[in-house]
Amino acid sequence: MIVMKFGGTSVESAAAIERVAGIVKSRLELRPIVVVSAMGKTTNKLLAIANAAIAGRREEYIRQLHDLRDMHSREARLLTPLHKRAELDRTLDEHFEELTELAKGLAVLGELTPRSVDAISSYGERLSSYIVSLGFEHFGLPAVHVDSRKVIITDHRHTQAAPLFEETYQRLEETLPALAVTQVPVMGGFIGSTLEGVTSTLGRGGSDFTASIVGAGVRAEEIQIWTDVDGMLTADPTILPGGHRVKSISFAEAAELAYFGAKVLHPATVIPAIERNIPVMILNSRRPEVPGTRIVAEAVPCRNAVKSIACKKNITIVNIHSSRMFMAHGFLRRIFEIFDRFETPVDMISTSEVSVSLTVDNTDRLDEIQAELAVFSEVTAESGQAIVCLVGENIRYTPGVASRVFTALNGVNIRMISQGASLLNLGVVIAMKDLSAAVEALHTEFFSELDPEVFD
Ligand code: ADP
Ligand code: ASP
Ligand code: MG
């Protein structure tokens, strides 16, 4: 068995779904299980509907619901034979009536809880998995739709739920292998449910994680992440186009890149794959002939120090200074206890005796955090920053990487530096305005010569 996950752009239209059907067909003898994201930007649109509803903008959310229905209906009709159109219309009616009721409910309440965010955002994958399974049948694949909420069981942390692995693996094992003998199971990524049956989600970009959970659950031979780029590239193509494909990378390197902003892979994807030692491939659904990136336990030997450069945009530096804490212990504990209480992860940190700088991505609760820190320190926050992170197992064995970074970034104001404890990354914090020039300079420095065994 293999798991094949297709992201939003790979299933954005009937034409895209036809391409996906062709790719799955060519691998039918490997007994694929298919995981799909919501079509195109549907998740963003559903969240916009929720926000318009709680703000009381009725006309806006009704119109957005119509547009979303039109898009799904238009594309799905192209994939549905005439005798199945009535069933399609009925299913779409049901889903959109429920969605409209949900939006109306939110408008009355005027409040969006994490649980209702999950209820609304789950419809993207619920619809896409149904439509893709219709499309597969249309193109001659024996598809069977599986409701992910029956097999992916999570805790109650809505919008960021974590799978209950034991329960989930057991359900996956009981359900999927038997189906995959003669059929192609198609399920939505991203969504699950709690043990009580309440719909939950694994967090934005979570369909990659679903694919990996499913792969581990059925002990698949391979997990394939099909997306809109040729694989893991040496730089984020939205910041620096023209990066090179990395042919092979380790789980540890891929996880680090994902964590520091390489959106091509959800950071948790590697966890189940590592646990059961299943290789993960990143492949391009528009160019299936490209061999992609293979993510494996041990990186192949590489002559380059760095494998790729990741970027995390729009982060905020929090500077905490406290002369009162000079020589006192417990300063850091006090600081981190506050970030923890407000559920705000910290990405990078640098300290001296009386001051600490750290970076956060999520600033939803920064005002409250700052107020509490201000009780025992002076606090300032600076938005508009970016983390640039070089990743490669070789960084730890290669002398002079830091000095090459500083030379390449000559003239850029480096606000923070950190070499991760794992020794496979080196990160700097710079202003957003310097980001693209900095990435370009670093890319030239580290990728002008390429080891042909590792890069394309
Ligand atoms: P999908 O909808 O298939 O899950 P995503 O948009 O989540 O696709 O992820 C693919 C995108 O990740 C690419 O289009 C690219 O812009 C972005 N990306 C960021 N960093 C990298 C990188 N190092 N290599 C490849 N793609 C990257
Ligand atoms: N549709 C979800 C999102 O946009 C999950 C995914 O695509 O991975 O976040
Ligand atoms: Mg994604």
Side-chain angles (χ1 to χ4, degrees), residues 205 229 232-244 246 253 256-265 267 304-321 339 344-352 355-364 366 369-370 378-392 394-395 398-450 455:
V229 281
M232 188 68 90
L233 306 173
T234 49
D236 183 335
T238 61
I239 295 169
L240 183 75
H244 309 279
V246 186
E253 289 169 327
E256 205 76 22
L257 286 165
Y259 185 76
F260 282 105
K263 188 181 164 226
V264 63
L265 200 68
N304 288 63
V306 174
K307 290 273 171 59
S308 177
I309 304 171
C311 309
K312 215 165 179 171
K313 293 187 219 171
N314 298 316
I315 59 137
T316 298
I317 302 183
V318 183
N319 299 302
I320 304 153
H321 181 89
F339 281 88
T344 300
V346 169
D347 288 324
M348 221 190 239
I349 159 165
S350 63
T351 67
S352 71
S355 69
V356 176
S357 296
L358 42 81
T359 67
V360 294
D361 188 5
N362 181 343
T363 52
D364 290 351
L366 192 56
I369 291 171
Q370 278 188 270
E378 292 132 45
V379 199
T380 55
E382 295 165 79
S383 56
Q385 309 293 315
I387 297 177
V388 179
C389 195
L390 307 180
V391 175
N394 275 351
I395 290 179
T398 314
V401 173
S403 77
R404 288 172 67 188
V405 170
F406 294 134
T407 310
L409 294 185
N410 183 23
V412 174
N413 186 12
I414 301 177
R415 301 295 316 279
M416 280 170 69
I417 307 158
S418 131
Q419 174 145 25
S422 54
L423 299 180
L424 54 74
N425 74 50
L426 198 152
V428 294
V429 179
I430 57 175
M432 278 295 288
K433 68 172 176 48
D434 295 327
L435 182 62
S436 76
V439 172
E440 191 175 345
L442 289 168
H443 197 267
T444 306
E445 173 62 34
F446 288 97
F447 298 109
S448 287
E449 279 174 45
L450 297 173
F455 302 96

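Counting from 1, the numbers follow the sequence of the chain as shown. Because the structure is a prediction, the values reported are computed rather than measured.
- In this structure, the side chains of Thr363 and Ser383 stay at 4.5 Å or more apart for every pair of heavy atoms.
- Residue-environment remark: CD (Glu382) exceeds the threshold of 12 foreign heavy atoms within 6.0 Å.
- Residues Leu442 and Val405 have side chains in contact (heavy-atom distance under 4.5 Å, counting atoms from C-beta outward).
- The side-chain heavy atoms of Val246 and Thr234, taken from C-beta on, include a pair separated by under 4.5 Å.
- By the 4.5 Å heavy-atom criterion applied to side chains, Thr316 and Leu366 are counted as neighbours.
- Annotation: salt bridge (Lys or Arg N to Asp or Glu O under 4.0 Å) contacts of Glu253 (sequence neighbours excluded): Lys307.
- By the 4.5 Å heavy-atom criterion applied to side chains, Ile395 and Gln419 are counted as neighbours.
- Atoms CD1 and CG, from Ile369 and Asp364 in turn, are 9.5 Å apart once rounded to the nearest 0.5 Å.
- Taking CD1 of Ile387 as the start and CD1 of Ile317 as the end, the distance is 9.0 Å to the nearest 0.5 Å.
- Here SG of Cys389 is found 6.0 Å from CD of Glu256. Values are rounded to the nearest 0.5 Å.
- A donor-acceptor contact shorter than 3.5 Å is absent between the side chain of Asn314 and the backbone of Asp361.
- Inter-residue side-chain proximity for Ile315 and Met348 is flagged as unmet; no heavy-atom pair is nearer than 4.5 Å.
- Classified by interplanar angle (parallel below 30°, tilted 30° to 60°, perpendicular above 60°), the ring pair His244/His443 is parallel.
- None of Leu390, Val412, Ile414 except one satisfies the side chain to side chain contact (heavy atoms under 4.5 Å, CB included) rule with Val428; the exception is Ile414.
- Scanning all heavy atoms of the two residues, the minimum distance from Ser308 to Ala235 falls at OG-N, 4.1 Å.
- Remark: Met416 CE to Asp347 CG distance equals 9.5 Å, nearest 0.5 Å.
- With a 4.5 Å cut-off on side-chain heavy atoms, Phe260 and Val391 do not count as touching.
- Between Phe447 and Val306, the shortest heavy-atom distance links the atoms CE2-O, 3.2 Å.
- Looking only at distances, no side-chain donor or acceptor of Asn319 sits under 3.5 Å from a matching main-chain atom of Ser355.
- In this structure, Leu358 and Ile320 have side chains that are in contact, with non-hydrogen atoms separated by less than 4.5 Å.
- Scanning all heavy atoms of the two residues, the minimum distance from Ala386 to Lys313 falls at CB-CA, 4.4 Å.
- Across Glu449 and Asn304, no two heavy atoms sit closer than the pair O-ND2, 2.8 Å.
- Taking CG of Asp236 as the start and CG of Leu435 as the end, the distance is 8.5 Å to the nearest 0.5 Å.
- Contact detail for Ala408 and Ala441: the closest heavy-atom pair is O-CB, 3.5 Å.
- Listed here is the closest heavy atom pair of Cys311 and Val439: SG-CG2, 3.6 Å.
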